[in-house]
Amino acid sequence: MASDNQAPRAPSGTHDVLAPESDRWIALLGIFGSLAQRYGFSMVHTPMFEDVRVFHRGIGEGSDVVGKEMYEFTDRGGRNLALRPEGTASIVRAFVQHRPAAPWRAWYATPSFRYERPQAGRFRQHHQVGVEVLGSADADVDVEVITLAQRFFEGLGLTRFTLNINSMGDEHCRPSYTQSLRDYLETKASELCKEHQASHENNPLRVLDCKRPECFAVIEGAPSLAEALCDSCRTHFERVKDGLRKAGIVFEINDRLVRGFDYYTRTTFEFSSSALEGAQNAIGGGGRYDGLVELLGGPPTSGIGFGIGIERVLLACDAENVFDIAPEVPEAFVVDVTGGERARDIVERLRDAGIFVERAYDNKSMKSQLKSADRSGARMALLVGEEEAESESITIRMLREEREQVTISLDELFARATTTGSLLP
RNA sequence: GUGGUCGUAGCUCAGUCGGUAGAGCGCCGGGAUGUGGCCCCGGAGGUCGCGGGUUCGAGCCCCGUCGGUCACCCCA
């Protein structure tokens, strides 16, 4: 459509959100925000760009997101910055900078940027809501965080989604497991898929997640992460599972769930929608990251959180036919065929009284203005013609129900608006 | 980064063996001497993504390019 000197479009992989879709965004953010508040989270805003080191150190150089998907740039002062590719690292950086009292519970809603090829449910700018808890290693926090996500999805009306959980081990048991996995993969290197023949040494855990058939056979025989967990990780994981069961949350243990960021320890989890046709069906995910605060220069501090993809959640809602938001419609629509000055004053006074009112502009014909009134969805039209102008009155015509139209004085109209908030007696 | 697929009015699309463009919806106006929705009539709006080639002639064929879309990879 667009060519060299034609109108610009939104950049590839980005999109504009207009009504009525934007109405759903407002509603979704409202639901998430009030739920998070009920769970004791307060909202945090952090910059959309950070020193690149926040992400390099936090997410890990070896990850795809940092290695090949970040929007990095140098500003006019020569600083190396990057648009945020995910939410957690920025929040942790803010924690280290401000040292709020722990445990600190923060929720956020923010765009994220990744330079990937767009496809269904995947964008270069997407949006996430999420929470992070910094400063507690208690497994009950894991349970709460996962429960919050679960309740959010339920609150939207989603039913066709699943929760996978896993434990990645900690600094005591993970290194030795990683080594034994690396040793194992070394002996099977030639049988791995092309991608992992090259990369299994730096990031052996990622191979567990590979969906290619070649790797699959190798993975079958690989040492089990679950069996390699140390006692404290095992206990932690048991308590998480127990808490989830008590909360009535259905989950699946998936010991091949290895998420894409290097910072995860112990609990990891992912919510997937089974209603989404495409390959991009992960609607939310997160986990514990007990070493991340230190990596970003803070004191040893435990942490856990998740991110939920707004666009994907809305796609899932569409697929399940839930969360259909009816947009707000005006109570009244002022039709003024005497030039518009009266409409100008009437809408202002009614709006001051707290009523949602629209009007027509450009001195259109009555037919045209009523057409606009109808399309606006307004419950009633307030008509001002020569007669009403003469007598300082207005004619109320109901647009959605059979009722005889009535003419009342403007004084009466404004009195109703300010005393009862309704334009009808 | 790799591959498939598509690119005609604001939107959804039609366009038959190549002969310089149509529908529905939407929008604007009228049919009612002040009154929307249904119906009827009329109107505006497109250099057929862009560039090149073949041809007497290309929306239709060929090449390139840009963009959309889907998939791989990875993730939300």
Side-chain angles (χ1 to χ4, degrees), chain A residues 1-15 59 62-69 84-88 109-130 149 161 193-196 199 203 206 209-212 215 257-261 270-273 276-286 306-316 333 335-338 360 362 364-389 395-402 404-405 407:
Chain A
M1 191 68 84
S3 73
D4 283 352
N5 55 10
Q6 278 180 332
R9 312 171 46 92
S12 181
T14 70
H15 55 145
I59 301 169
S63 67
D64 280 17
V65 166
V66 167
K68 47 191 204 193
E69 296 175 0
R84 116 162 89 243
E86 59 95 44
T88 301
T110 178
S112 291
F113 305 87
R114 295 179 200 168
Y115 191 83
E116 307 177 86
R117 281 287 283 271
Q119 69 184 75
R122 200 182 70 182
F123 314 99
R124 287 185 175 169
Q125 177 178 337
H126 77 281
H127 300 77
Q128 296 188 13
V129 290
F161 64 92
C193 73
K194 224 162 78 186
E195 184 91 8
H196 286 117
S199 69
N203 218 333
R206 292 228 56 84
D209 211 20
C210 185
K211 286 129 199 150
R212 294 210 172 81
C215 278
L257 176 65
V258 175
R259 296 177 44 75
F261 307 138
E270 194 166 283
F271 288 89
S272 305
S273 168
L276 290 179
E277 299 284 330
Q280 312 300 322
N281 62 359
I283 54 178
F306 65 71
I308 289 174
I310 294 178
E311 288 88 349
R312 284 194 194 167
V313 165
L314 290 174
L315 285 173
F333 191 105
V335 171
D336 175 5
V337 291
T338 68
D362 302 308
K364 296 280 177 66
S365 69
M366 173 164 284
K367 172 176 177 143
S368 167
Q369 291 193 43
L370 267 166
K371 209 172 236 186
S372 301
D374 185 52
R375 271 197 303 264
S376 77
R379 193 171 165 216
M380 68 187 79
L382 304 179
L383 307 179
V384 182
E386 294 303 336
E387 291 167 28
E388 289 85 354
T395 296
I396 301 179
R397 176 174 178 79
M398 303 306 290
L399 299 174
R400 314 288 150 199
E401 57 197 279
E402 286 302 325
E404 196 140 341
Q405 61 187 48
T407 300

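Because only heavy atoms are used, hydrogens play no part in the values below, and waters and symmetry mates are left out as well, while side chains stay in. Proteins come first, then strands; the chains are lettered A, B, ... in the order of their sequence lines, and each starts at number 1.
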Side chain of A/Arg114, heavy atoms from C-beta onward: which of B/rA76, B/rC27, B/rC73 has the nearest atom to it? B/rA76
Look at the side-chain N and O atoms of A/Gln119 and state whether any lies under 4.0 Å from the OP1 or OP2 oxygen of B/rC72. yes
Using the aromatic ring of A/His127 (for Trp, its six-membered ring), decide whether it stacks on the base of B/rA76 within the limits of 5.5 Å and 30°. no
Could you check whether any side-chain heavy atom of A/Leu314 comes within less than 4.5 Å of a side-chain heavy atom of A/Ile310, counting everything from C-beta outward? yes
Quick check: any donor-acceptor pair below 3.5 Å linking the side-chain of A/Gln369 to the base of B/rU35? no
Using a 4.0 Å heavy-atom cut-off across all strands, classify A/Ala120 as base, sugar-phosphate, or nothing. sugar-phosphate
Contact class for A/Phe261 vs. all strands (heavy atom < 4.0 Å): base, sugar-phosphate, or nothing? sugar-phosphate
Under 4.0 Å between any heavy atoms, over every strand shown, what does A/Gln125 touch: base, sugar-phosphate, or nothing? Just pick one. nothing
Could you tell me whether the side chain of A/Gln369 and the main chain of A/Lys364 form a donor-acceptor pair under 3.5 Å? yes
A/Ser12 side chain N/O closer than 4.0 Å to the phosphate oxygens (OP1, OP2) of B/rG68? yes
Within a reach of under 6.0 Å around CD of A/Glu401, are more than 12 heavy atoms found that belong to other residues, nucleotides or ligands? yes
Need one value for A/Phe123: base, sugar-phosphate or nothing, where a base atom within 4.0 Å counts as base even if backbone is also close, heavy atoms only. base
Secondary structure of RNA chain B per the Watson-Crick/G-U criterion (both distances under 3.5 Å; [ ] crossing, | other strand, . unpaired) is (((((((..((((........)))).(((((.......))))).....(((((.......))))))))))))....
Looking at every strand, decide which applies to A/Gly130 at a 4.0 Å heavy-atom threshold: base, sugar-phosphate, or nothing. nothing
Please state whether the phosphate of B/rG36, meaning OP1 or OP2, lies under 4.0 angstrom from any side-chain nitrogen or oxygen of A/Ser368. no
Quick one: does A/Gln125's side chain have a donor or acceptor within less than 3.5 Å of a partner on A/Gly13's backbone? no
Roughly how many Å is it from CD in A/Glu69 to P in B/rC74, rounded to a whole number? 10 Å
Under the rule for ring-ring contact (aromatic ring centres under 6.0 Å, His included), what residues qualify as partners of A/Phe161, not counting sequence neighbours? A/Phe153
Side chain of A/Arg400, backbone of A/Ala378: donor and acceptor closer than 3.5 Å? yes
